[in-house]
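A short worksheet on the structure shown next.
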Amino acid sequence: MESRIAPKGTGGATSIDEFIEDVDVEDKAFLIEGRDLSGKTNIRRPPAPQVNAKEEDFIFMQIDTDYYSQVAPGFIKNENAQHDTPIIRMFGITKNSNSVALHVHNFTPYFYVKINTQYAPTLTPEDLLAIRDVLNKLATPQTSLEGAPSIPVKAVELVHEKASVMHYQQDKATFIKIYTGLPRYVNQLRTLFENGSVSYRGSAGMFENVTYESNLPYALRFMIDNEIVGMSWIRVKAGRYRLRERSERNCNTQYEIDVQDFNDVECLPCDGEYSKIAPLRILSFDIECSADKGKFPVAQTDPIIQIANIVKVHGDTEPLVRNVFTLGTCAPIVGSQVNSYRNEQDMLQAWRDFVLEVDPDIITGYNIVNFDFPYIINRSLALHMNKFAMFGRVNGTYSKIKNNTFSSKALGTRETKDINIEGRVQFDMLQVILREHKLRSYSLNSVSAHFLGEQKEDVHHSIISELQAKNEFTRRRLAIYCIKDAYLPMRLLEKLMCLFNLTEMARVTGVPISYLFTRGQQIKVASQLYRKAAEHDLLIPVDKQHISGDKYEGAVVIEPTRGYYTDPVATLDFASLYPSIMMAHNLCYSTLVPPHKVKFYKQEDLIKTPNGDVFVSQKVKKGLLPLILEELIAARKRARQELAKTTDPFQKAVLDGRQLALKISANSVYGFTGAQVGQLPCLPISSSVTSYGRVMIEATKEYVLKKYNKANGYQFDSQVIYGDTDSVMVKFGVPTIEEAMKLGKEAADYVTQYFVQPIKLEFEKVYCPYLLMNKKRYAGLLWTKPDKWDKIDAKGIETVRRDNCGFVKETVQSCLNMLLIDRDASKALDYCKGVISDLLQNRIDLSLLVITKGLGKKTESAPKPGEAAEGGDQKKPPAAAAAGNYHAKQAHVELAERMRKRDEATAPTVGDRVAYVMIKAAKGSKGYEKSEDPLYVLQNGLPIDYQFYVEHQIKQPLLRIFEPVFSNAEEKLFHGEHTRNIFVPKMATTSGLGKFAVVKKTCLGCKNVLANNTDVLCERCQTKKKAIYIERKQEMSVYEKNYADLWVQCQRCQGSLHEDILCSSRDCPIFYRRVKAKKNLEENREILERFLDW
DNA sequence: TAATGGTAGGGGAGGAAAGTACCGTCGTAT
DNA sequence: TAGTGATACGACGGTACATTCCTCCCCTAC
Ligand SMILES: Nc1ccn([C@H]2C[C@H](O)[C@@H](COP(=O)(O)OP(=O)(O)OP(=O)(O)O)O2)c(=O)n1
Ligand code: SF4
């Protein structure tokens, strides 16, 4: 049965010394980090100490909370003993790194319905029973798969001490609290109430057709009620829990305990000892698959050939496991354990067992959720391994794939697959990075280069098959590649402090950490709102409101006084403007006074916003949203303090990302109220916030202008040259940075006093010089201290955008450097001319000409066979395609479509970024006909349309920069001598006569066309023959050196000085250079040969 | 089905519509 | 094969192309 192939050699481990002989060690540092792990090591968790449930509290850090439904086990007291009952299940880790599963019983799902006032006093306990029976008649009871029945409504209770969170309520209202047998009945009953289908005493008038708190995920409901936040430490007091006997075990964790009363599960505050993160086990893995015929592998037919794993314990410096499972033999790999198998089933099975043995809390990798896991699961099904896909902590529960799409304005649309792995967190680094960073490319290669400074070779899948087919050494080559792919995500996770940052976010917002990968901002706000509402006895309505769809008015952008400023410009900026507005003016659902109620309150208790909406003041009742915001802002403040303390630039960037994430969470509280397709939209709040903002920026501008002018004894009249939402850019007129800073600080404090606490205008920075191009488009040299500038700060322009090519970005960046730092405009101009000339003469790297654009919508139009044939004219697209399909042709969309026809599996899909270059095409061709995959261009030697890059990429950006500086920038930049000499690729010199085309050779000396194609030099150059030959020869050695240098770089990257380079990474500049260098080399070699033959 | 923070704004590209230059045809005056 | 006046000129319609305006789309600043 076991088809494991015994490792070769003695003991299976290659020594480090042997390895050094084999390849250069430094280049494979990732293989020998920490101890030698090639041998068998103990990978199990530390043994779980005996626990005395009667004497000891049970404490662990909870990482995942879900639920299942079952007939409660016999040892649990449950009033509906034979019924299908929901049971909360928490997974976590003790501080000793022992895994825990906790079953929480008797937490019953519920929701509320408001009783119309006239009926409220009349309800008796008998009525409640009767209502229960009415509801049970209306609902459709469901039986579990095991055949256990369940009751829709278990009980109905009268609740008097609550009120709706919507509008300021002086009085409590009467609600019924409906307890259900299973979470899903909540949804069912909600629909019944919403449709007005529930009537009692012969009329539906008793119940409002709005329900309360009926749309929370059940597990989150439990967490909220028990004040448990994500990734927090949990305590169950001694005597309140029960350890399961072996025979009662359901989970493969080290401890499995039950709590009879859900109230006994207690969340410990996240400070001191319990602010720490438990020693979580992190598994990073990567699979390789092979496919025939150069096609991208498909799980149905193509085998998994290798799986590499790295296991690390959070907080440890060294990995615990580094291994690879291979199909077929594999030569030993230093520092890593190699497990080889004869057939795929055995390999997969061994890997699955390995995963369970390691018992990781966190599973990471790159794109594991959308590729590796689905592939493994589908592959196991294709191999009929029906009892295979059990990766979670629940025995007998197998992972399944569910397709899903996530769509939000900020993150775009993306298709995802949901995989259930109970008790472990799927920490896919691709998802993390997609959400937290805006990059031009999200390939592992590109991301590693960006954050870790190390390239990663990219082996084309057709080559992977070859490596697999050949021998144990080529398979080792592949295995090393595979291990690196498992290693890099682990490194990224550590270096970007993902676990730490996301743990903090989960704790602050209260959601389980998994929500941070799969859900949006809304659920975070909702989680906080529900918690605060519960504290204040308020209930949250679930109201499918009619949505107008109209946008409300947002912020003001002050009309910029465009130009190039050499005097310092100070920037004043409100700190957390929208949150501080909401706090200052007490804006909340629970403080809003509807128009018809305004007359009932004292004027001084009310706040009327510039939008005309009315709220009660803080004295009367403090809103919930301000309370939530205080916490978020406090968390952000802590993060910023830590940021201020660090000096390491990378660390700073990471901490900046953290505080930014908290800022967005705070701003999303405002966004939540304005989200018309959200849980609880309330436009009076959101439009009041923006209206305050509008008034405030105008006022700020006026205060500054009115004070800082000659009439008040200042040396100059100040000028507000620009402002956006919460900031004003002031030119005080003073010539030095120092004076500008002094005035800026003073002005900020001066203006602040006009506003309500905690609104605060801050002086932040000075720009000098400052180039203001347009609304939301500017660049300047930024100063925060008078003696030395900090950096160039660019907003909105090409250097910070991702939809142009690297060439544009770099050129613009260099120009800004010269213009703003050196203040040498003519140098910048000359530089541009040179660069344009380089471009036209093919001296720019192809990698710099790659443009990327995101694919925001679906491209394929559901290839239904019936719809395929459509005759004649179809002017407008079918109405059904209206939602989420493209209506305009675009370069990247059309290319994606073409690529899809070439190979379905590798083509970009929704949410992906498409990389393309523009190639030459017939005159008058549209852009979308000229875009092409850079890899395809290289493989087929297609010509680049350099002119396009001049006209459509670099021209306007440069003109926008230079126009404020020079008068006739266009003439200077795009018409000089430097635009004349245009590189003509070989192909273009053939006359366009199809098969009669003849390549005309040119003289090597003077480039004139030769009369005789076998000649090398023209007659005039004959005399210089020797000199020309030597020159060529020298050129050749330059090319050779160039190529060799690049080759070495690639060898470094792939970690071997002895093996061929296999990489074809679309994301690596070296790759493009290497291909080009090779081409140069070959061409030149051919010429030299001609020379010699001649 | 369930779930999805907000608005303002620049700028590139495609495409429809309106403009125009050019050309050939046709009717008509001479 | 039969029947034919030649020329200039403006109106008219079709076509190819440039221009303008609008919309879509991406991505950014707040
Ligand atoms: N993602 C964002 C960014 C900003 N804003 C709104 C709310 C902010 O209060 C206002 C100003 O944005 P800033 O970028 O200036 O951020 P803040 O003022 O909130 O924070 P800071 O203290 O960094 O200025 O714009 C928003 O709604 N969503
Ligand atoms: S091209 Fe060379 S340097 Fe770049 S990723 Fe590939 S192997 Fe590494």
Side-chain angles (χ1 to χ4, degrees), chain A residues 184 187 191 215 217 402-414 416 418 438 440 515 518-526 529 544 547 550-560 573-574 576-578 663-683 685-687 689-691 693-694 697 722-727 773-778 793-804 851-857 875 884-894 913-914 924 926-931 951-953 955-957 960:
Chain A
R184 74 171 76 101
N187 293 326
T191 334
N215 64 346
K402 221 170 78 192
N403 289 322
N404 221 336
T405 61
F406 180 92
S407 177
S408 82
K409 222 208 126 225
L411 298 169
T413 306
R414 183 162 285 112
T416 57
D418 286 352
K438 300 229 165 224
R440 284 170 172 249
Y515 281 26
T518 57
R519 308 283 298 265
Q521 294 290 342
Q522 193 166 193
I523 193 74
K524 295 197 256 178
V525 178
L529 184 58
K544 281 271 179 309
I547 45 158
D550 293 344
K551 286 189 163 182
Y552 59 91
E553 192 178 349
V556 191
V557 183
I558 297 176
E559 190 60 37
D573 186 325
F574 284 102
S576 300
L577 181 66
Y578 286 8
K663 159 177 156 180
I664 289 173
S665 290
N667 287 338
S668 296
V669 173
Y670 145 74
F672 182 88
T673 66
Q676 297 200 40
V677 275
Q679 290 192 17
L680 198 59
C682 183
L683 295 208
I685 299 178
S686 48
S687 36
V689 171
T690 57
S691 70
R694 290 194 297 275
I697 188 173
Y722 179 54
D724 186 345
T725 310
D726 71 334
S727 66
M773 296 176 225
N774 213 334
K775 284 182 174 176
K776 300 187 190 280
R777 301 282 137 126
Y778 60 82
D793 196 20
K795 290 289 160 71
I797 61 177
E798 286 70 21
T799 50
V800 294
R801 294 183 66 86
R802 300 176 292 168
D803 52 357
N804 48 40
I851 302 165
T852 69
K853 272 202 175 83
L855 210 51
K857 300 180 176 171
K875 266 204 166 168
N885 266 334
Y886 279 108
H887 288 113
K889 292 195 164 180
Q890 285 173 102
H892 65 298
V893 179
E894 297 298 302
R913 295 188 67 78
V914 185
K926 296 287 188 195
Y928 59 79
E929 296 164 317
K930 298 167 48 156
S931 55
E951 291 296 324
H952 292 87
Q953 283 275 303
K955 190 169 185 173
Q956 296 304 327
R960 282 192 289 267

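Within every chain, numbering begins at 1; the chains are lettered A, B, ... in the order of the sequence lines, protein sequences first and strands thereafter. Because only heavy atoms are used, hydrogens play no part in the values below, and waters and symmetry mates are left out as well, while side chains stay in.
Going from the C1' atom of C:dG5 to that of B:dT30 covers 12 Å, rounded to whole Å.
Residues A:Phe672 and A:Gln522 form a side-chain contact, since some pair of their non-hydrogen atoms from C-beta on lies under 4.5 Å apart. Contact of the A:Thr852 side chain with the A:His892 side chain is not registered, since no non-hydrogen atoms from C-beta on lie closer than 4.5 Å.
At a threshold of 4.0 angstrom between heavy atoms, the contacts of A:Gln956 are confined to the sugar-phosphate backbone, with no base atom among them. Counting non-hydrogen atoms under 4.0 angstrom, A:Gly674 reaches the backbone sugars and phosphates but no base. When heavy atoms are screened at a 4.0 angstrom cut-off, A:Lys438 is found touching the sugar-phosphate backbone but no base atom. Using a 4.0 Å heavy-atom cutoff across all strands shown, A:Arg913 reaches sugar-phosphate atoms only and no base atom. Residue contacts shown for A:Asn667 include a base, since a base heavy atom lies under 4.0 Å away. At a threshold of 4.0 angstrom between heavy atoms, the contacts of A:Gln679 with the nucleic acid are absent. Within the nucleic acid shown, A:Val525 has no heavy atom closer than 4.0 Å to any nucleic acid atom.
Listed nucleotides C:dC25, B:dG5, B:dT4 differ in distance to A:Gln890; the shortest reach to its side chain belongs to C:dC25. Side-chain proximity of A:Asp803 to the nucleotides C:dC27, B:dG9, B:dT4 is greatest for C:dC27. Nearest nucleotide to the A:His952 side chain, out of B:dG14, B:dA13, C:dT28: B:dA13. Considering only the side chain of A:Lys889, B:dG15 comes nearest among B:dG10, B:dG6, B:dG15. Considering only the side chain of A:Val557, B:dA8 comes nearest among B:dA13, B:dG15, B:dA8.
Proximity of A:Tyr928 to the phosphate of B:dG15: a side-chain N or O atom is located under 4.0 Å from OP1 or OP2. Side-chain nitrogen and oxygen atoms of A:Arg960 include at least one within less than 4.0 Å of the OP1 or OP2 phosphate oxygen of B:dG12. Within the structure, a side-chain polar atom (N or O) of A:Arg519 is placed less than 4.0 Å from OP1 or OP2 of B:dT4. Dashed line: the shortest gap from a side-chain N or O of A:Tyr886 to OP1 or OP2 of C:dC26 is under 4.0 Å. The shortest distance between the side-chain N/O atoms of A:Lys857 and the OP1/OP2 oxygens of C:dC25 is below 4.0 Å. Between A:Tyr778 and the phosphate of C:dC30, there is a side-chain N or O to OP1/OP2 separation shorter than 4.0 Å.
Salt-bridge annotation for A:Glu559 and A:Lys775: present, with a side-chain N of the basic residue lying under 4.0 Å from a carboxylate O of the acidic one.
For A:Lys857 and A:Tyr886, the positive end sits near the middle of the six-membered ring, less than 6.0 Å away and at most 45° from its axis.
Judged by distance alone with a 3.5 Å cut-off, no donor-acceptor contact links the side chain of A:Lys775 to the base of C:dT28.
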